[in-house]
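Note that the numbering runs from 1 along the sequence shown for the chain.
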Amino acid sequence: TIGLSWVRRFVAGGHTVIVCDPRPDLADVLAALPLTESERGRVRIETDRPAALAAADLVQESGPEHLPFKRELLADFAEHGRPEALWFSSSSALLPSDMAADAPDQVAARVAIGHPFNPPHLMPLVEVVPGARTAPTALDAARAFYTELGMEPAVLMREVPGFVGNRLQKAIWAEAFGLVVDGVV
């Protein structure tokens with residue numbers, strides 16, 4: 001769902017998007033997105049992950065929240081991705097340092113979290129979370145890229161479990177539930 005929303009945001013921003021996802025109904029799902037003909041012409045399906053990675057200037061990874069899976073994808077990126085390409089994960093819980101733990105320094109330097117608020121094609125806020133080895137130039141590029149898309153990037157100084165938005169949301173939810181349980185509302 002988040003990946004499809006990113007597709008909408010990216011093509012609306014004038015970018016060409018390569019979508020690589022193993023789901024068998026991907027073509028049908030993409031065809032159902034409410035895109036203009038011009039936007040639709042900038043979306044391409046690539047079933048071969050190495051080929052998709054080799055063609056990308058920026059990867060906005062939106063796969064399952066499963067650390068071994070993220071590490072597998074990042075290892076493929078290290079092997080097949082362009083040396084200057086950036087890797088931003090849409091993860092809402094996993095830390096970039098954990099994802100890049102096995103990656104060479106030159107790859108880890110280009111890894112960060114690009115955690116959107118949902119849905120990303122409508123919500124402008126995106127948390128940019130660096131890992132311990134993320135280069136400042138990658139954060140600058142993330143800020144510029146998301147800003148160019150009409151978003152409001154909030155770049156964290158360092159990674160923290162839950163990032164900022166989720167931690168604040170958890171506190172608000174806890175208080176809201178407490179007010180209900182206590183019979184206040």
- Task: Could you walk me through whether Met123 and Met151 pass the side-chain contact (heavy atoms from CB on, under 4.5 Å) test, one step at a time?
- Result: CA-CA 8 Å; Met123 299 294 288; Met151 300 185 83; over 6 Å; no
- Test item: Glu65 side-chain N/O and Ser92 main-chain N/O as donor-acceptor pair under 3.5 Å: yes
- Verify, without hydrogens or angle tests, whether Arg42 (side chain) and Val11 (backbone) share a donor-acceptor contact under 3.5 angstrom. yes
- Message: Evaluate Ile113 against Glu127 for side-chain contact (heavy atoms from CB on, under 4.5 Å), listing each step before the verdict.
- Response: CA-CA 7 Å; Ile113 299 294; Glu127 288 180 290; 5.9 Å; no
- Item | Whether Lys70 side chain and Ser91 backbone form a donor-acceptor pair below 3.5 Å | no
- Task: Start with the C-alpha gap between Ser89 and Leu94, add the side-chain angles, then the distance that decides, and say whether side-chain contact (heavy atoms from CB on, under 4.5 Å) holds.
- Result: CA-CA 9 Å; Ser89 176; Leu94 300 174; over 6 Å; no
- Task: Check whether any side-chain heavy atom of Pro130 sits under 4.5 Å from a side-chain heavy atom of Pro96, and report yes or no.
- Result: no
- Any idea which heavy atoms bring Val126 and Gly114 closest together, and the distance? CG2-C, 3.7 Å
- Item | Beyond-backbone contact of Val19 with Arg44, side-chain heavy atoms, under 4.5 angstrom | no
- Query: Rounded to the nearest 0.5 Å, what separation is found between the CD atom of Glu79 and the CG atom of Leu74?
  - Reply: 12.0 Å
- So do the side chains of Leu156 and Val128 get within less than 4.5 Å of each other, counting heavy atoms only? no
- Query: Same cluster or not: are Val17 and Leu26 linked, directly or through other Ile, Leu, Val, Met, Phe, Trp or Tyr residues, by side-chain heavy atoms under 4.5 angstrom apart?
  - Reply: yes
- Message: Check for me, please, whether Leu33 and Ile45 land in the same ILVMFWY cluster - side-chain distances under 4.5 Å, paths through other members count.
- Response: yes
- Message: I want to check something: taking the side chain as every heavy atom from C-beta on, are Pro83 and Gln106 in contact at a cut-off of under 4.5 Å?
- Response: no
- Task: Output the rest of the hydrophobic cluster of Val181: all Ile, Leu, Val, Met, Phe, Trp and Tyr residues reachable through side-chain heavy-atom contacts under 4.5 Å, sorted by chain and number.
- Result: none
- Message: If only side-chain N and O atoms count, and only distance matters, is there a donor-acceptor pair under 3.5 Å linking Ser90 with Glu61?
- Response: no
- Task: State whether the side chain of Ser97 and the backbone N or O of Gly131 hold a donor-acceptor pair below 3.5 Å, judged by distance alone.
- Result: no
Which atom pairs, one a donor and one an acceptor, fall under 3.5 Å between side chains of residues 49-58 and the rest of the protein, sequence neighbours left out?
{"residue": "Arg49", "atom": "NH1", "partner": "Glu72", "partner atom": "OE2", "Å": "3.3"}
{"residue": "Arg49", "atom": "NH1", "partner": "Asp76", "partner atom": "OD2", "Å": "2.6"}
{"residue": "Asp57", "atom": "OD1", "partner": "Arg82", "partner atom": "NH1", "Å": "2.4"}

- Listed once per pair and sorted, the ring-ring contact (aromatic ring centres under 6.0 Å, His included) pairs that draw on residues 124-152, sequence neighbours left out: Trp6-Tyr146, Phe10-Phe145, His15-Phe145, Phe88-Tyr146
- Query: Using a distance-only test with no angle check, is there a side-chain donor-acceptor pair under 3.5 angstrom linking Arg143 and Thr147?
  - Reply: no
- Message: Suppose we screen for ring-ring contact (aromatic ring centres under 6.0 Å, His included). Which residues come up paired with Phe163, at least two apart in sequence or across chains?
- Response: His115
- Is it true that a side-chain atom of Arg133 and a backbone atom of Ala100 form a donor plus acceptor pair closer than 3.5 Å? yes
- Report the distance from atom OG1 of Thr134 to atom CD of Glu159, rounding to the nearest 0.5 Å. 7.5 Å
- Enter the distance from Thr137:OG1 to Leu139:CG here, rounded to the nearest 0.5 Å. 8.0 Å
- Supply the atom-to-atom distance Gln60 CD to Leu86 CG, rounded to the nearest 0.5 angstrom. 10.5 Å
- Item | Donor-acceptor under 3.5 Å (Asn118 side chain, Ile2 main chain) | no
- Would you list the pairs meeting salt bridge (Lys or Arg N to Asp or Glu O under 4.0 Å) in which at least one residue belongs to residues 10-23, sequence neighbours left out? Arg23-Asp25
- Transitively linked via ILVMFWY side-chain contacts under 4.5 Å: Phe69 with Phe77? yes
- Message: Looking only at the side chains, is there a donor atom on one of His121 and Arg8 sitting less than 3.5 Å from an acceptor on the other?
- Response: yes
- Residue pairs passing the salt bridge (Lys or Arg N to Asp or Glu O under 4.0 Å) test with at least one member in residues 166-182, sequence neighbours excluded, are none
